[in-house]
Visitor: 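One structure, pasted below without further comment.
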Number of protein chains: 2
Amino acid sequence: MSEKRKITLKDIAHALNISPSTASRALNGYHSISDETIRQVKDYAEKHNYVPNALAVNFRKNRTSLIGLVVPHIVHHFFSTTISGVIETAKKHGYHVLVSQSGDVKNGEVFACKTLLGIGVDGLIISVSNETIEADHLQDFLDEGKPIVQFDKITDQIISPKVVVDDFNGAYQAVKNLIENGYRKIAHLSGRMEVKNAQGRFQGYKKAIEDHGLEFREEWVKGCWDILEQEGFDFTKELMESPNPPDAIFCITDLVALGSMKYLQSAGYDLPSQVGLMGFSNWMLSEYITPNLSSVHQHGFEMGEKATEILIDLIKKHEFGADELIELKTELIVRQSSQKR
Amino acid sequence: MSEKRKITLKDIAHALNISPSTASRALNGYHSISDETIRQVKDYAEKHNYVPNALAVNFRKNRTSLIGLVVPHIVHHFFSTTISGVIETAKKHGYHVLVSQSGDVKNGEVFACKTLLGIGVDGLIISVSNETIEADHLQDFLDEGKPIVQFDKITDQIISPKVVVDDFNGAYQAVKNLIENGYRKIAHLSGRMEVKNAQGRFQGYKKAIEDHGLEFREEWVKGCWDILEQEGFDFTKELMESPNPPDAIFCITDLVALGSMKYLQSAGYDLPSQVGLMGFSNWMLSEYITPNLSSVHQHGFEMGEKATEILIDLIKKHEFGADELIELKTELIVRQSSQKR
DNA sequence: CTGTTAGCGCTTTCAG
DNA sequence: CTGAAAGCGCTAACAG
């Protein structure tokens, strides 16, 4: 296997009888070089299709133009969407992305971070795992002068900008929609209250209920531990078989809503006339099932985009950024499942 | 923003009164170094948590330990699965992955490849776009001595190993299953015959029909141009309203099968007792809809894994590999939609 | 406007 | 078993 030998700056300089530094300056558009020289160098470079050795440049400048991205899972509609946003935005700014998955466990995350740091990424974008309580592995980046931006699943253990979805408002709008469609007894299948998203969605649900003069009942709120379809099924059964069953259910996630829907249909309830249903996250699924599931769309691509813009800005300014929380607006997608009539 | 200064090989050497080369050799496990020295160096390195400067090492060795991955779309269940397989496998071998998407258009693909080549990846894994007829941008890699492995969507324009799914057998098994479940008049919603996958699935379908002594009818085969849900709906309507309607439909894709299912349900057919349905690709969806859709699973993770193993092997051996086709087995996932009884 | 010099951190001959 | 020295390709003082 034989490779074309690549031409170097030195070769250009030699051929043109100038010094390598002059050639370098000519190519990189310094103003203190005669137009004539610049023309010559550029011509020669073009003709011999000179490509600067990225390795050498990076080594010299001590930067890689690489940014690390760590998510719990790659095979996941929301995260793959954010990954796409990060990659496309990075591309626009001349950066490239190394994607890793933590598997949503601490060890995986630590390993990914250590690796990324070893490679020498210029900065990190991360959505932390459920198990991330302590964050030394993140602090390491800051200690080496590399900024971090967190998104979606965040921890307060380090100081960094954080991009999240406005769960509170998203939930509020979702429940408001159910109310406006005539539902009055709205239950909520929520998640673990330690998780910020679950907390925010619950608060939005509660506020919407109260603002509209409806009754808030503890027993209409069920906490899904693992956010599974089965949990949706089981809790819905529980709710509907209780003495005071709800007439609508707001689910923390589309998957839970699916489980809920399956129970309701299996038990003979008509959707959405008898029971209304609302999901969250607008998983692809929601537009394919029958009846279509109303849901709250979290702009994943824009989230990746935003996080990346902040990070690259910090890298360029050689700063860490404030410990701020940027909340992105959600979008209510009204489909059949929440429209009583 | 202040950074901890990182310790270098020279520092270690200086502290231990040895030369940098000895330190280097000690750390990299050369045998011509006394155990004593090795111990000392390793100890010191550990204590001061020395991390080799990856940039310098790569520069020196003229390799990046980076591999490029180009897929049509990142936000796509099958592709994100393969991406995951590539990343995990690369990790195991000490490589890292730069993921790009072509958007399934030629321009995007060319841009991604040029960028990746510029960064200096050690090799490329690619699933080409629908528009890729000519492949100079891929040849460029080979010309620079960087191996390529293709997967799923492949082109014959360059010589390289190719990892694909065994569409023929997958389709054959799928149709055989329908037959074994008592269906006799099996239609096929296929794709464009220029696309290899569509071709293979069609052939498998036809062979299974013929092998079991069933009748092959041209009018039971419909070509979906864009592989859309709507096409599944429309063609199924056409089929069922024809004078000789089928009693089962094998769809080129789960999405098409979903459209098919929607039409059948809306027209009052009972599934699977009146009409059997079989998809392909085992999209997540298939296990959530009612009735669950039988489908052919393409091991995406294993596909990424296989492609990566081949590539890394080639990189290490400094070879390009033969122009061979590796066909991965599919797996029939039997759910409700294909079980008549 | 341009050349000289030095060096980024590491590995690898070549000599002992 | 170890050290000295050179150099990967590029850029950035510094000096004219």
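In what follows, chains carry the letters A, B, and so on, assigned in the order in which the sequence lines appear, proteins first and then strands, with residues in each chain numbered from 1. In this text the structure is predicted, and so the values were computed from the model without any measurement.
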Visitor: Distance only, no hydrogens: is a donor on one side chain within 3.5 Å (strictly under) of an acceptor on the other, for A:Ser127 and A:Gln150?
Guide: no
Visitor: Any chance the side chains of B:Ser65 and B:Arg63 put a donor and an acceptor closer than 3.5 Å?
Guide: yes
Visitor: Side-chain N or O of B:Thr22 versus OP1/OP2 of D:dG3: is the shortest distance under 4.0 Å?
Guide: yes
Visitor: Output all residues satisfying side chain to side chain donor-acceptor pair (under 3.5 Å) with A:Ser19, sequence neighbours left out; order by chain, then residue number.
Guide: A:Ser21, A:Thr22
Visitor: Measuring to OP1 and OP2 of D:dC1, would you say a side-chain N or O of B:Ser34 lies under 4.0 angstrom away?
Guide: no
Visitor: Can A:Lys316 and A:Asp122 be counted as an ion pair, charged N to O under 4.0 angstrom?
Guide: no
Visitor: Could you check how far CZ of A:Arg39 sits from P of C:dC1, rounded to whole Å?
Guide: 15 Å
Visitor: How far apart are the closest heavy atoms of B:Pro147 and B:Glu319, and which atoms are they?
Guide: CB-O, 3.5 Å
Visitor: If only side-chain N and O atoms count, and only distance matters, is there a donor-acceptor pair under 3.5 Å linking A:Thr132 with A:Glu109?
Guide: yes
Visitor: How would you label the contact of B:Ser21 with the nucleic acid (heavy atoms, under 4.0 Å): base, sugar-phosphate, or nothing?
Guide: base
Visitor: How many Å lie between CG on A:Leu9 and C1' on D:dG7, as a whole number?
Guide: 16 Å
Visitor: What integer distance in Å separates B:Asn62:CG from D:dC10:C1'?
Guide: 14 Å
Visitor: CD1 of A:Ile18 versus P of D:dT11: gap in Å, rounded?
Guide: 13 Å
Visitor: So what is the end-to-end bend of the helix from C:dC1-D:dG16 to C:dG16-D:dC1, with 5 pairs used at each end and the value given to 10 degrees?
Guide: 40°
Visitor: Take atom CZ of B:Arg63 and atom P of D:dC8, then tell me their distance rounded to the nearest Å.
Guide: 18 Å
Visitor: Taking only side-chain N and O atoms of B:Thr37, does any of them lie within less than 4.0 angstrom of OP1 or OP2 on D:dT2?
Guide: yes
Visitor: Listed in order of residue number, which residues of residues 115-123 of chain A have a non-hydrogen atom at under 4.0 Å from DNA chain C?
Guide: none
Visitor: Between the side chains of A:Asp140 and A:Lys146, is the shortest nitrogen-to-carboxylate-oxygen separation below 4.0 Å, so that they form an ion pair?
Guide: no
Visitor: Show each protein N/O and nucleotides 14-16 of chain D N/O combination with a separation under 3.5 Å, one pair to a line.
Guide:
none

Visitor: What's the NZ-P distance between A:Lys10 and D:dT11, to the nearest Å?
Guide: 14 Å
Visitor: Donor-acceptor pair, distance only, cut-off 3.5 Å: does the side chain of B:His48 make one with the backbone of B:Tyr44?
Guide: yes
Visitor: Distance check needed: D:dG9 P versus A:Ile7 CD1, whole Å only.
Guide: 12 Å
Visitor: Applying side chain to side chain donor-acceptor pair (under 3.5 Å), name anything that partners B:Thr115, two or more places apart in sequence or on another chain.
Guide: none
Visitor: Report which part of the nucleic acid A:Asn17 touches: base, sugar-phosphate, or nothing (heavy-atom distance under 4.0 Å, all strands).
Guide: sugar-phosphate
Visitor: Taking only Lys NZ, Arg NE, NH1 and NH2, and the carboxylate oxygens of Asp or Glu, determine whether A:Glu88 and A:Lys91 approach each other closer than 4.0 Å.
Guide: yes
Visitor: Go through the side-chain N and O atoms of B:Thr64 and B:Asn58 and say whether any donor and acceptor fall under 3.5 Å apart.
Guide: no
Visitor: Check each residue of residues 41-60 of chain B for a non-hydrogen atom within less than 4.0 Å of any atom in DNA chain C, then write out the ones that pass by number, or none.
Guide: B:Tyr50, B:Pro52, B:Asn53, B:Ala56, B:Val57, B:Phe59, B:Arg60
Visitor: Provide, to the nearest angstrom, the distance between the CD1 atom belonging to B:Ile12 and the P atom belonging to C:dG9.
Guide: 13 Å
Visitor: Would you say B:Thr81 and B:Ser84 are linked by a side-chain donor-acceptor pair, where the criterion is simply a distance under 3.5 Å?
Guide: no
Visitor: Output yes when A:Arg39 and A:Glu36 qualify as a salt bridge under the 4.0 Å nitrogen-oxygen rule, no when they do not.
Guide: yes
Visitor: Hey, is CG on B:Asn28 packed in by over 12 heavy atoms from elsewhere, all under 6.0 Å?
Guide: yes
Visitor: Measuring to OP1 and OP2 of C:dT11, would you say a side-chain N or O of B:Tyr30 lies under 4.0 angstrom away?
Guide: no
